[in-house]
Each structure stands twice: as C-alpha cells, then as structure tokens.
Protein chains: 2
Amino acid sequence: MTTIRDVARVAGVSPATVSRVVNGLVGYSAETQRRVEEAVESLGYEPDSLARGLKTKQTAVIGVLAPLVSDALASEIMSGVESAARLRGYSVMLGRTGPNSTFAASYLRTLRTYRAAGVILISAAVTPDMRRALGSGIPLMSVAIRDGQRFPSLAIDDEVAAYDGTRYLIGLGHRRIGLLAGDPASVLVNTVRKRGYLRAMAEARLSPVLEDGNSLYDSAPPALARLLAQDAGLTAVFALSDEMGAAVVNELQRMGRRVPDDISVLGFDNTRTSQHVFPALSTIAQPLERMGELAVERLLATEDSVGPVPRILPHRLIERGSTTSLTT
Amino acid sequence: MTTIRDVARVAGVSPATVSRVVNGLVGYSAETQRRVEEAVESLGYEPDSLARGLKTKQTAVIGVLAPLVSDALASEIMSGVESAARLRGYSVMLGRTGPNSTFAASYLRTLRTYRAAGVILISAAVTPDMRRALGSGIPLMSVAIRDGQRFPSLAIDDEVAAYDGTRYLIGLGHRRIGLLAGDPASVLVNTVRKRGYLRAMAEARLSPVLEDGNSLYDSAPPALARLLAQDAGLTAVFALSDEMGAAVVNELQRMGRRVPDDISVLGFDNTRTSQHVFPALSTIAQPLERMGELAVERLLATEDSVGPVPRILPHRLIERGSTTSLTT
DNA sequence: TTGTAAGCGTTATCAC
DNA sequence: GTGATAACGCTTACAA
C-alpha cells in the first residue's frame with residue numbers, strides 16, 4: 001500500500017505538505033504542488049479513509065436504514081441517496097430495520113463506530129433508544145414518514161395526499177369507495193393517510209369502508225375480500241400502496257371484474273410496481289428518488305451550507321388506466 | 001466518546017487487557033474478565049472501527065456493486081447479502097456500476113481505502129482495471145453472471161436454464177416461440193441465455209425468432225411488436241427477464257390477445273415482478289436471496305473456514321398462469 | 001496473568 | 001512556505 005510518506009519521499013517534501021496539497025489547503029508553492037501531484041499520480045496514492053477518519057473524527061459515510069432492503073419504495077429512495085452521496089464523495093452503508101427497534105439500534109451503534117457523517121432512515125420512526133445508540137454527534141433524518149416534530153424528516157403531506165386521492169375518486173362520481181390501508185402499527189404514515197381518506201369521505205357525507213393490509217402484495221387479496229364482504233357494491237378501491245393496488249387490480253380481474261369499468265383502483269407511492277400491471281395503476285406520486293437526494297443534501301447541509309431544504313414535498317396524482325369516471 | 005482507556009481505568013486494568021477481553025482472546029483471570037465486562041457495560045463502550053481497522057488492516061465491511069440499485073433482481077440479491085453480512089457482524093457498503101467501468105473502478109478504490117473485507121459484484125463483469133482498482137488484498141466475486149473463469153462467481157447455469165425454459169415451451173406443444181432477449185452488450189448472461197434458446201430450438205428443428213430488449217419493462221413493448229412483425233403467429237414468448245415478461249403479458253392484453261390462451265409468456269429470474277401481473281408469470285427461478293447469502297459466505301470463507309460453496313446454483317422452472325399447453 | 005510501548009496512516013499544531 | 005511532532009483509538013509484541 002502506498003502511504004503519504006511514500007508520496008512525500010518521491011516528491012521530496014514532508015508528509016505534512018503532501019497532506020496540504022491533497023486536501024487543497026493553502027501554504028505551498030506552485031512548484032511544490034506540481035511535484036506532489038505528480039508523485040500522487042505516479043504512485044496511485046489514495047489517502048487511507050480509516051487513518052483520516054480516525055484523525056478527523058468523521059468519515060464520508062452515510063448510513064441508510066430501510067425496513068425491507070428489497071421493496072420498490074425503499075429501493076427508489078436508496079437510489080436517490082446513492083447518487084447524491086456519490087456526487088458529494090460520500091459512500092453509503094446499508095442496513096435493515098427489523099420489527100423491533102433493537103435491530104436498528106445495533107446498526108446505528110455500528111455506524112457510530114465508523115464515525116458516519118449522517119444517517120437516513122427510510123419509512124421508519126426514530127425511537128429514543130435509536131437516537132441514543134447513534135450518539136449525539138451524528139445527524140439523523142427520516143424520509144417518507146412524518147415523525148411528529150421530534151426529529152428532522154422529509155415527506156409528502158400524507159394526510160392531504162390521501163385526502164386528494166379520495167377527492168379525485170369522488171370527483172369521478174364514485175360514492176362507494178373502499179380503503180385498503182397498510183399496517184398502522186408498523187408504518188406510521190398509514191394512520192395519517194387513513195385520516196385523509198376519512199376526512200374526504202366525511203366531507204362528502206359518504207360512509208367509509210376500510211380494511212387493513214400490510215402494504216405488501218400478498219396481503220391485498222384477503223383484505224379486498226373483506227372489503228367486498230362489507231360492501232359488495234364498491235365502485236372504487238383506494239389502496240395505500242402500489243403493491244396492494246397492483247394486487248387489487250389483478251385479483252379483481254381474476255374474479256372476473258373489469259378494471260376500471262366495474263371498479264376503479266387507485267394506488268399510492270408511484271413506485272415501478274404501479275406500471276407493472278394492466279391497466280396501469282393510477283396513483284399518488286411521491287418524488288421518491290428526489291427525496292433520497294434531498295435527504296442527503298439536508299443531512300450534509302450543516303457543514304457545507306446548502307440553502308434550506310423543504311421538509312414537506314409535493315405529491316401529485318397520476319392518472320393511468322385503472323381509474324375512470326362512474327357512468328351510472 | 002468512551003475509549004478503551006476509559007474502560008481500562010474504570011476496570012482498574014490496562015488497555016491491553018481490555019482489548020483481550022473484548023476480542024475474546026486468552027490470558028486473563030475470570031475476575032478480570034468480570035470487571036472489564038462490567039466496565040464495558042456501564043460505560044456503553046464500543047470499539048472504534050476506524051482505529052481497529054487502521055491497526056488490523058481490515059474492516060468488517062463488504063462492498064456491493066449493482067448496475068441499478070433499484071431493480072428487483074439486484075434488490076433481492078442485496079437483501080441476501082445484507083442478512084448474511086449482518087449475521088456475521090459485517091456491514092454493507094452500497095455502490096452503483098455505471099455504464100463504463102471507470103464508475104465501478106472509482107468505487108472500488110474507495111472500498112480499498114476503507115479496507116473492506118471483500119466485494120460483491122451483481123450482474124456485472126469484472127474488468128482488469130476494476131480488479132486493479134481494488135488492489136490485490138481484497139477478494140472480489142460476482143453474482144448472477146458467469147465471468148469466464150477469470151474471477152470467482154456464483155450463478156445458475158444460464159445456458160441450460162434458457163434451454164430448459166425453451167424445452168418446457170416446446171413440451172407444451174409450442175412450435176413458434178419468440179425470444180425477447182436483453183441487451184447483450186450490457187448484461188453478459190443474455191448472450192449465454194440466447195445460446196440455450198437457440199440450442200433447444202435447433203434440436204427441435206424449429207426456427208428461432210428473436211429480438212433484443214434491454215431487460216427493462218419499457219423496452220419490451222416495442223421489441224414485442226418487432227417479434228410479432230417477424231411472425232404474427234407466435235404462440236409463445238420467452239422473455240429473458242421478468243420485467244420484460246410482465247410487460248409482454250400486459251402489452252398482449254392491451255392488444256386484445258389473451259394470455260395464456262392465445263399466447264403463452266415465460267419470464268426469467270423469478271423476481272417479485274413476476275407475481276405482480278395477471279396472470280402471474282411462469283418463470284425460470286434463480287435463488288436470488290440465497291445467492292446473496294452464499295456470496296458473503298464464500299467471500300469470507302478464506303478466513304473463517306466454511307466448507308466449499310458451489311458456484312453453479314440450481315435453477316428451476318416455476319409454472320404460474322402465463323403459460324399453457326397449445327391446444328390445436 | 002498482566003502491563004508497557006510501538007505503530008497503523010493521517011491531520012493539525014507549532015515552530016522555523 | 002515548509003517540516004517536526006504529537007495525537008486519533010486501537011492491537012500486539014515483548015517484558016515482567
């Protein structure tokens with residue numbers, strides 16, 4: 001391995017000077033700079049991140065924690081995180097939050113021992129013991145969730161988004177609209193979204209019909225059955241995740257119901273999944289990649305001073321083939 | 001931050017002894033161990049990974065490189081990597097391989113400066129400059145690709161898998177079978193899989209019909225159109241990725257053709273996507289999560305000695321609703 | 001069984 | 001403008 005001393009020797013200067021040049025500090029002549037850069041180049045020198053981190057008490061590492069590493073929502077956010085991080089010279093460390101917060105806490109402790117520059121939490125709440133595990137020096141922010149006001153977060157306004165989605169369906173002439181919610185316990189936004197649906201229904205003096213799934217594909221068919229058992233005459237189903245929305249579209253077709261002619265289906269999130277069914281899922285879009293990018297910017301904003309970043313991002317409704325107006 | 005010296009002071013021993021206890025080495029009395037563990041516990045001490053890595057020249061970090069962080073295939077492999085890594089106390093650093101290998105090489109250089117324990121490359125070939133960038137001390141292996149014999153890899157036998165898929169379709173009575181291949185340039189397995197299809201077709205004295213997509217959803221509809229332009233009477237389409245397979249199922253339905261009654265569709269990989277369409281996609285399954293886990297085991301096998309790990313994993317055909325026998 | 005001390009590769013403080 | 005030198009927190013000979 002080539003070290004800073006090797007470079008110093010070749011360039012005929014001291015390690016301190018090499019360090020100055022490599023880090024773009026001031027205090028050396030143009031001639032020295034040239035010689036050092038030449039030596040760096042010819043030796044293929046790259047500063048050791050560990051030694052540097054040990055000395056400066058900080059590494060260019062950003063930790064990312066997601067409930068499931070492999071679902072579309074987290075993947076798209078992670079993709080945004082990865083590119084923003086790379087752009088700024090940071091690397092990403094990936095971890096999964098299990099069902100209990102001890103899982104996450106243990107990962108955060110590890111991140112602390114690597115002296116990560118910050119941590120991004122995807123659709124999971126920050127618990128006090130998690131915050132404690134990370135220590136006080138490392139900024140933490142959650143994405144795609146609104147965690148009260150206790151910790152910084154970045155999300156759409158889920159209540160309004162669900163309200164808007166419901167209003168959209170009502171505007172299409174639907175009156176009997178079922179809600180397929182996610183698991184309220186595991187993913188907090190579900191409660192908030194549910195509230196938006198209820199508000200829109202109440203305002204329109206419509207009676208709500210709802211069932212809980214767990215946001216994943218497989219949970220939707222049985223929940224749909226329960227929904228239909230409550231009201232067989234539903235003309236629209238609002239699923240609080242695209243995976244569930246896709247499952248509803250498919251399941252309805254399996255049952256011989258036409259989408260959207262017999263029943264409209266609206267999804268949530270605008271992940272790739274929403275485009276993988278036929279008819280493609282109308283959905284409420286969250287700017288997922290962008291959220292990942294912004295999370296990185298905001299996390300690092302304390303040091304580099306980027307301007308303030310909004311914490312509530314805009315959602316928007318995307319109309320595709322799975323919804324249509326009710327023609328009575 | 002609490003350091004090993006703090007622990008030593010509280011326990012009334014030297015830092016060296018604390019180190020021994022913490023690392024489970026030998027050479028201390030039971031009494032000493034108790035006192036040290038007590039101090040560790042009460043101070044919440046956790047060894048600094050940077051200092052440790054600097055000294056030992058190795059960190060518990062595994063690098064993972066994928067072409068797209070957000071696609072289903074890579075996500076599922078990464079999920080396996082993550083859990084196997086965590087199990088063994090390792091953390092995962094995530095990066096993306098761009099179109100050119102300089103992207104990957106730069107990431108590998110970073111991984112080297114962190115003294116990663118190993119690197120896993122997902123469906124991308126190892127180029128000489130990548131190997132050079134990583135240096136010689138760090139093991140590297142590729143997953144879901146077969147990279148000649150030059151570097152260790154872990155994959156199914158793609159040629160045979162594609163052959164088996166084609167045979168399956170032929171066994172169902174199909175004679176006019178179109179192949180929707182991926183981009184041969186970017187993903188090497190596509191060439192190999194294509195070969196398997198061609199062999200099966202040749203053996204059965206059937207004439208091949210093929211078009212290239214790029215493995216992603218959007219590339220499939222136009223490629224399908226070209227396939228149909230070549231032979232409008234196709235009764236089966238074999239898509240070399242589930243995303244393309246899903247797109248074909250949906251596009252066919254949009255065109256008013258029934259799947260599988262008019263046309264059977266077979267996918268490849270068995271990612272979540274294959275279940276997100278209706279009818280669900282029959283497909284060739286790769287054990288993706290397992291591949292991620294095995295990759296970690298094998299990477300670390302040099303140090304800890306786990307038994308030998310097979311490099312060719314079994315594929316299997318999964319029959320779902322998108323394929324049926326041809327009833328003439 | 002335990003402690004002392006050197007050193008991993010860097011940065012930062014201080015002289016010059 | 002440049003160079004010694006002292007840490008950063010840990011592991012590991014080597015002594016005791």
Side-chain angles (χ1 to χ4, degrees), chain A residues 1-37 39-40 43-61 89 109-110 112-117 135 137 303, chain B residues 1-37 39-40 43-61 89 109-110 112-117 135 137 303:
Chain A
M1 229 209 68
T2 110
T3 75
I4 202 170
R5 310 186 71 93
D6 300 326
V7 177
R9 197 174 327 108
V10 170
V13 296
S14 75
T17 296
V18 174
S19 176
R20 286 192 265 259
V21 173
V22 167
N23 292 298
L25 304 181
V26 291
Y28 43 83
S29 68
E31 165 61 8
T32 300
Q33 173 171 4
R34 200 189 52 71
R35 290 226 308 284
V36 170
E37 283 169 348
V40 165
L43 294 176
Y45 169 72
E46 192 106 11
D48 184 294
S49 297
L50 302 181
R52 177 180 273 180
L54 179 59
K55 183 64 187 171
T56 64
K57 304 182 171 322
Q58 158 111 225
T59 53
V61 166
R109 259 191 301 277
T110 301
R112 182 158 57 98
T113 71
Y114 281 102
R115 303 201 190 252
E303 309 145 33
Chain B
M1 231 209 70
T2 108
T3 76
I4 203 170
R5 311 187 70 92
D6 299 326
V7 177
R9 196 172 331 105
V10 169
V13 297
S14 75
T17 297
V18 174
S19 176
R20 289 184 191 108
V21 173
V22 167
N23 293 300
L25 305 181
V26 291
Y28 43 83
S29 68
E31 165 62 9
T32 300
Q33 171 171 5
R34 200 190 53 69
R35 288 225 310 283
V36 170
E37 283 170 347
V40 164
L43 294 177
Y45 169 72
E46 192 106 11
D48 184 295
S49 297
L50 303 180
R52 176 180 275 178
L54 180 58
K55 183 67 186 168
T56 63
K57 304 180 170 321
Q58 159 108 232
T59 52
V61 166
R109 259 191 302 277
T110 302
R112 183 160 54 99
T113 71
Y114 280 103
R115 303 196 188 258
E303 310 146 35

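The structure presented is a predicted model; accordingly, all values stated were derived computationally and were not measured. Reminder, nothing fancy here: chain letters follow the sequence lines and each chain counts from 1.
For A/Arg115, the salt bridge (charged side-chain N to carboxylate O under 4.0 Å, His left out) test picks out B/Asp48, with sequence neighbours left out. Remark: A/Glu46 engages B/Arg109 in a salt bridge (charged side-chain N to carboxylate O under 4.0 Å, His left out) (not counting sequence neighbours). Every residue two or more places apart in sequence or in another chain was checked for a side-chain hydrogen bond (donor to acceptor under 3.5 Å, both in side chains) with A/Thr59, and none qualifies. Residues satisfying the salt bridge (charged side-chain N to carboxylate O under 4.0 Å, His left out) test with B/Arg112, not counting sequence neighbours, are none. Applying the salt bridge (charged side-chain N to carboxylate O under 4.0 Å, His left out) test to B/Arg34 and every residue at least two apart in sequence or in another chain returns B/Glu31, B/Glu38. A/Ser19 is linked by a side-chain hydrogen bond (donor to acceptor under 3.5 Å, both in side chains) to A/Asn23, counting only residues two or more places apart in sequence or in another chain. Remark: B/Ser29 engages B/Thr32 in a side-chain hydrogen bond (donor to acceptor under 3.5 Å, both in side chains) (not counting sequence neighbours).
Atom NZ of residue A/Lys55 and atom CG of residue B/Leu54 lie 12.0 Å apart, to the nearest 0.5 angstrom. To the nearest 0.5 Å, atoms CZ (B/Arg9) and OG (B/Ser14) are separated by 13.0 Å.
B/Thr17 has a side-chain polar atom (N or O) that falls below the 4.0 Å cut-off from OP1 or OP2 of C/dG3. OP1 or OP2 of C/dG3 has at least one side-chain nitrogen or oxygen of B/Ser14 nearer than 4.0 Å. For the OP1/OP2 pair of C/dG9 and a distance below 4.0 Å, the side-chain nitrogens and oxygens of B/Tyr114 include no atom meeting the criterion.
Using a 4.5 Å heavy-atom cutoff, the side chains of A/Tyr28 and A/Val36 are not in contact. Under the 4.5 Å side-chain criterion, counting only non-hydrogen atoms from C-beta, A/Tyr45 is in contact with A/Val22.
Terminal axes of the helix from C/dT1-D/dA16 to C/dC16-D/dG1 (five pairs each, C1' rotation axis) are separated by 40°, to the nearest 10°.
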Quick one: which protein N/O atoms are closer than 3.5 Å to N/O atoms of nucleotides 14-16 of chain C? Pair and distance per line, please.
none

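Of the residues in residues 47-55 of chain A, those with a non-hydrogen atom less than 4.0 angstrom from any atom of DNA chain D are A/Leu54, A/Lys55. Contact check of residues 25-32 of chain B against DNA chain D (heavy atom, cut-off under 4.0 Å) returns no residues at all.
Protein chain B contacts DNA chain D from D/dG9 to D/dA13, reading 5' to 3' and using non-hydrogen atoms of the protein with a distance under 4.0 Å.
Here the shortest heavy-atom pairing between B/Thr113 and A/Ser49 reads OG1-OG, 2.5 Å. Residues B/Val21 and B/Glu37 come closest through the heavy atom pair CG1-CG, 4.2 Å. Residues B/Ala117 and B/Gln58 share a closest heavy-atom pair of CB-OE1, 2.6 Å.
Distance B/Ile4 CD1 to C/dG3 C1': 13 Å, rounded to the nearest Å. Atoms CZ (A/Arg5) and P (C/dT11) sit 13 Å apart, rounded to a whole Å.
A/Arg20 contributes no side-chain N or O that, together with a main-chain N or O of A/Leu25, makes up a donor-acceptor pair within less than 3.5 Å.
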